[in-house]
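Every value quoted in this text rests on a predicted model; they were computed, and no experiment measured them.
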Amino acid sequence: TTEEPDVKPTTRLRLEEIVSPSSAIAAEHKICTHLSAMTVAHGDYSLYTSKKAALGEDPLRPDANPDQLFGRVIKSKKSIGQIIMD
């Protein structure tokens with residue numbers, strides 16, 4: 001049996017797998033985890049657009065603008081991995 005993580009002051013969401021009694025997965029093997037964040041903000045579309053402008057394009061989205069990402073990449077001294085993780 002895997003122990004559930006401790007709740008921390010930054011815990012914002014608890015995710016638990018729902019296991020049906022008829023499932024082949026035993027209840028003691030279900031997954032439970034916590035998502036944490038330093039800041040959680042709720043807002044309208046303008047919050048999203050302001051954050052997107054500050055953070056830049058998500059290169060994994062099909063609607064991303066590769067020219068904007070490329071502009072940030074060539075200006076940075078960071079590796080491509082660091083840029084994407086940022």
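- The main-chain N or O of Tyr45 is found under 3.5 Å from a side-chain atom of Thr49 such that the two form a donor-acceptor pair.
- Between Leu15 and Leu13 the shortest heavy-atom distance is CD2-CD2, 3.8 Å.
- Although no hydrogens or angles enter the test, the distance criterion places no donor-acceptor pair under 3.5 Å between the side chain of Thr11 and the main chain of Val7.
- More than 12 heavy-atom neighbours from other residues, nucleotides or ligands sit within 6.0 angstrom of CG on Asp44.
- With hydrogens and angles ignored, the 3.5 Å screen pairs a side-chain donor or acceptor of Ser50 with a backbone N or O of Leu47.
- A side-chain donor-acceptor contact under 3.5 Å links Gln82 to the backbone of Ser79.
- Gln68 CD to Lys52 NZ: the interatomic distance, rounded to the nearest 0.5 Å, is 7.0 Å.
- Note that the CZ atom of Arg14 and the OG1 atom of Thr33 stand 10.0 Å from one another [nearest 0.5 Å].
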